[in-house]
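Each remark here refers to the structure printed beneath this line.
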Amino acid sequence: MRSVALTRPGMLAPGIAGLADFQQAAGSGAALEQSMHEYPAPSGISSRQLRRLSPLTRSAIWAAHGALQPLSQSGDTCGVLAGLTHGATGYLREFHDYLIDCGPENVSPNLFSNGVTNATLGALSALFGLHRGGATVVGFEACGLDVLAEATDSITFGDYSACIAGAAEEYSPLVESVYRQSGWCASAAPGKLPAPGHRAGFGAGEGSVFFGVTPVGKFTNAHVPFCLYTPIDDLFAFEKPVDLIVSGAAGGPQDRFELEALSRILAVQPSPPALRFTKQIVRETFAPGALWSVALAWDTIVNQVAYPSFPIHENIHHLCGNHKPIVQSALVIAGSREGTVAGGYLQAAEQAGV
Amino acid sequence: MSEVWVTGMGVVSAAGYGPAAHSHALRAAETPMRETSFFENPSPVTCFAGIVPPTIIHPRFDRLGADRANRLLECAVSGALKDSGLTSNVRADMLFGATLGNMNAGTRYYRALRANERPSTRMLTYFAPAAPLKRIAQKQSIIGVHRTISSACASSAIALGRAFRRIRAGACDRVIAGGFDPLCPFVVAGFNSLRLLASGVCRPFDEQRDGLCPGEGGAALVLESARSAAGRAARARAVITGFGEALEGYHYTRSHPEGEGLVRAMSQALEQAMLKPHDIDHVHVHGTATNANDQSEYAACKRLFGERLSAAPVTSTKWITGHTFGAAGALSSCFAILALQEGFCAPVRTCRKPDPAFAGISICQKACRMPRMRRVMVTALGFGGEAAALIFEKPEAR
């Protein structure tokens, strides 16, 4: 079992510019807007520096800045891992439009260089002076957990002394339209159930979540809140008892895989854990989707925040317990449209004896 | 720490399919690249491009847009499995690099949207760069962790490096790793907009170099712990002993003129392999033939090797295959392993007069036998400031 310490996440989504906003958004139950009209620049970075960057990258910069704060790490030893699914779809579409309308001689090189998948990683490296190394991991709805697994490898193998790891995705009306046509999201108001049969999932949203990732012992004697994180290589062999399970299920093509896995995991729990979902808060954000779940689990364990429950699908409702007064462990699961289901185990540092 | 063996190689590019075709291409006098026009009149972009021959990937595969990427990856993976003595239905992690992977599918998707056609979810899924690997893993029944790295032109070098680290640390016994990228008009237009396309066949390190030639390909290596490989009596084509990586943070598309990131990556790889610069016999550089890339690699080699710069001949095979982007690092690795196995240093035949600014570096202009070659370093650079270096050794050099 390879474990690392996760420090306080940085995050950005419509109406959410940090963990406190995330708590509030979850509690209010109000539907968030789908996309952001503007992307804030973190302190020390001018809006001019962000001017040509894609919305995806600007969003990642805010979240990565938040994740870097507790680390106080030299850029020469800090790595960066970023995940995404569809990428800078706005720039890519604009590039294609120029290409067709104006011909290849007249397309803007900026749309290409900021539209490629690695542009976000390059921007994080350049703006925050992170030089140790890194990679962009691409995947579907479970991509966020893949990124954390790669980060865990990099830390436990001793390649980086610390890193930031997260994912970002920008709102794409194109993706939204395909999802609507396929019946994967509700045509009117967002639904509340993770219900594969009901065709009432959540539309595309946007946002980014990044965590600081360090070796387990780094903050043992410091006043930096953290919890332990362990990627689960084989979710179906997972039998540890947990106080909380957080899922990203909510109507997308991944649901049939995720809910099946969820049922199996709940069935082997010695006492029913509480179950929480995140799509009701942030919609379907693809690559960062699973990281909202990790953030919810992190906040519950570290700050003992009790997130509200949403209606739970009848297939699994009877297997779920109530929120426990003290939550010390959590399991995050994320299904992916091609059929894989990834998992991550979070544990309070005290419970792990750290 | 486990020793990491390369037990299988699958490779496809403009040079052909399989290690034998690529070994032959190293010795060939002419490039398989052909002048190709992208886009229609009135403003076509014409350049030399490395296109996989239609006898290997029939043009009908282009019809579905995504299938060319899938086919390149499938050729590479099945070739590597066969070369390694494995079949499908195998347990192995898979780590592959791709830049825009399926941008052919992306282009079809955007064109459909413009034509007010209804794009399907299948089209949307194909467009995502992670799609081909997931598909091939399912098709070949390869069980394990499957991830796609998209770190621009260093993608596959980083995928190989991360796979190497995973086995070395004992986290798993076998990883199939490499990269793939089909040639697509979107990428050609992108490099054209950056004014980085060569006017003829690219000329790495030549005084007259003026840019890169786009290409396509797929390359896969089966990496195994020595224990796992020996347990099934697999032979080692080579041993990977070091990997280094760095982010330059200098410019989004241009590498540092002093090779800042690359020299750090190369130094790390040497440190991990417990080697000194003078232990490296040959360097297979990224060598795209753009001004910035070649300057950066020269500077990095000069800083690393110092006075012994000329002792390690440098080569690039972009003049054979074109720049295969996400596959480039893995393709270079395949060429480097072949060079190591055959004791042969491949020439950069299009480098007729090395740039005098690159004083002291020994660019292979003619094929030369190097029977004592024991170690070769492979480098890769990518947009976003990515730099990576890998060290391959002859098994008997350990």
Side-chain angles (χ1 to χ4, degrees), chain A residues 2 75 80 84-87 92-93 95-97 99-100 103-105 107-109 111-123 125-126 129-140 143 146 149-150 153 156-157 159 174-175 177-179 181-182 184 233 253 336-340, chain B residues 38-39 42-43 45 98-101 106-107 109-111 113-114 118-121 123-125 127-131 134-135 138 145-152 158 162 165-166 168-169 171 186 188-190 192-194 245-253 261 264-265 382-386:
Chain A
R2 315 180 312 278
V80 50
L84 53 90
T85 299
H86 302 108
L92 295 177
R93 181 176 190 174
F95 186 93
H96 276 101
D97 283 346
L99 201 53
I100 294 165
E105 290 304 321
V107 293
S108 161
L111 293 174
F112 180 65
S113 55
N114 280 302
V116 298
T117 45
N118 208 41
T120 302
L121 189 83
S125 161
L130 306 174
H131 299 305
R132 177 60 189 85
T136 301
V137 180
V138 289
F140 297 111
C143 179
D146 289 346
E150 287 293 327
D153 282 355
T156 55
F157 299 166
D159 303 321
L174 311 181
V175 173
S177 70
V178 173
Y179 261 58
Q181 285 162 10
S182 303
W184 282 334
D233 289 335
S336 193
R337 72 182 76 161
E338 90 290 353
T340 56
Chain B
F38 298 86
F39 310 105
S43 52
V45 174
T99 51
L100 289 163
T107 300
Y109 174 77
Y110 286 118
R111 281 182 187 268
L113 275 169
R114 280 177 63 96
R118 181 179 156 167
S120 64
T121 44
M123 229 181 224
L124 180 69
T125 296
F127 169 15
K134 302 282 187 188
R135 202 159 173 227
Q138 281 178 351
V145 171
H146 306 139
R147 293 193 187 122
T148 305
I149 301 287
S150 191
S151 290
I158 288 173
R162 296 188 76 85
R165 283 174 176 169
R166 193 172 293 184
R168 187 171 178 270
F186 177 92
V188 174
N192 183 59
S193 73
L194 290 164
E245 58 169 335
L247 288 166
E248 291 190 325
Y250 168 70
H251 190 272
Y252 293 126
T253 58
R264 274 188 280 128
F383 279 7
E386 294 269 12

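Protein chains get the first letters and strands the later ones, always in sequence-line order, with residue 1 at the start of each.
- A donor-acceptor pair is defined here as one N or O able to donate and one able to accept, closer than 3.5 Å; such a pair exists between the side chain of B:Ser151 and the backbone of A:Thr136.
- The two atoms that bring A:Phe140 and B:Lys134 nearest to each other are CE1-CG, 4.1 Å, heavy atoms only.
- A distance of 9.0 Å separates CZ of A:Arg132 from CZ of B:Arg264, quoted to the nearest 0.5 Å.
- Comparing B:Gly261, B:Ala265, B:Gly382, B:Gly384 by how many heavy-atom pairs each has under 4.5 Å with chain A, the most go to B:Gly384.
- Comparing B:Asn192, B:Val188, B:Val45, B:Val145 by heavy-atom pairs within less than 4.5 Å of chain A, the highest count is held by B:Asn192.
- Remark: side-chain polar atoms of B:Arg162 are not paired, donor with acceptor, to backbone N or O of A:Asp153 under 3.5 angstrom.
- Ranked by heavy-atom pairs under 4.5 Å with chain B, the list A:Thr156, A:Val116, A:Asp159, A:Val107 is led by A:Asp159.
- Of the listed residues A:Thr85, A:Leu99, A:Asn114, A:Thr120, the one with more heavy-atom pairs under 4.5 angstrom with chain B than any other is A:Leu99.
- Interface remark: of the candidates A:Ala119, A:Ala126, A:Gly134, A:Ser336, A:Gly134 forms the most heavy-atom pairs closer than 4.5 Å to chain B.
- With a 4.5 angstrom heavy-atom cutoff, A:Leu92 touches chain B via backbone and side-chain atoms both.
- With respect to chain A, the highest number of heavy-atom pairs below 4.5 Å among B:Gly249, B:Ala169, B:Ala152 belongs to B:Gly249.
- Residues A:Phe112 and B:Thr253 form no side-chain contact, since every pair of their non-hydrogen atoms from C-beta on lies 4.5 Å or further apart.
- If you tally non-hydrogen atom pairs under 4.5 Å between each of A:Gly133, A:Ser113, A:Ala135 and chain B, the highest count goes to A:Gly133.
- With a 4.5 Å cut-off on non-hydrogen atoms, B:Ile158 touches chain A through its side chain but not through its backbone.
- Counting heavy-atom pairs closer than 4.5 Å to chain B, the top residue among A:Thr117, A:Leu84, A:Leu130 is A:Thr117.
- The parts of B:Ser150 that come within reach of chain A are both its backbone and its side chain, each placing non-hydrogen atoms under 4.5 angstrom from that chain.
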Check against salt bridge (Lys or Arg N to Asp or Glu O under 4.0 Å), A:Glu150 and B:Arg166: CA-CA 10 Å; A:Glu150 287 293 327; B:Arg166 193 172 293 184; 2.6 Å; yes

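- Nearest heavy-atom pair, B:Arg147 versus A:Ala149, reported as atom, atom and distance to 0.1 Å: NH2-CB, 3.3 Å.
- With chain A as the partner, the residue from B:Gly190, B:Ala189, B:Ala246 showing the most heavy-atom pairs under 4.5 Å is B:Gly190.
- A:Arg2 places no side-chain N or O within donor-acceptor distance of the main-chain N or O of B:Ala171, the cut-off being under 3.5 Å.
- Of all heavy-atom pairs between B:Phe39 and A:Pro104, the closest is CD1-CG, 3.7 Å.
- Each of A:Ile100, A:Leu121, A:Val80 has some count of heavy-atom pairs under 4.5 Å with chain B, and the biggest count is that of A:Ile100.
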What's the verdict on side chain to side chain contact (heavy atoms under 4.5 Å, CB included) for A:Val137 and B:Thr148, showing C-alpha distance, side-chain angles and the deciding distance? CA-CA 6 Å; A:Val137 180; B:Thr148 305; over 6 Å; no

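- Interface residue B:Phe186: backbone and side-chain heavy atoms are both found under 4.5 Å from chain A.
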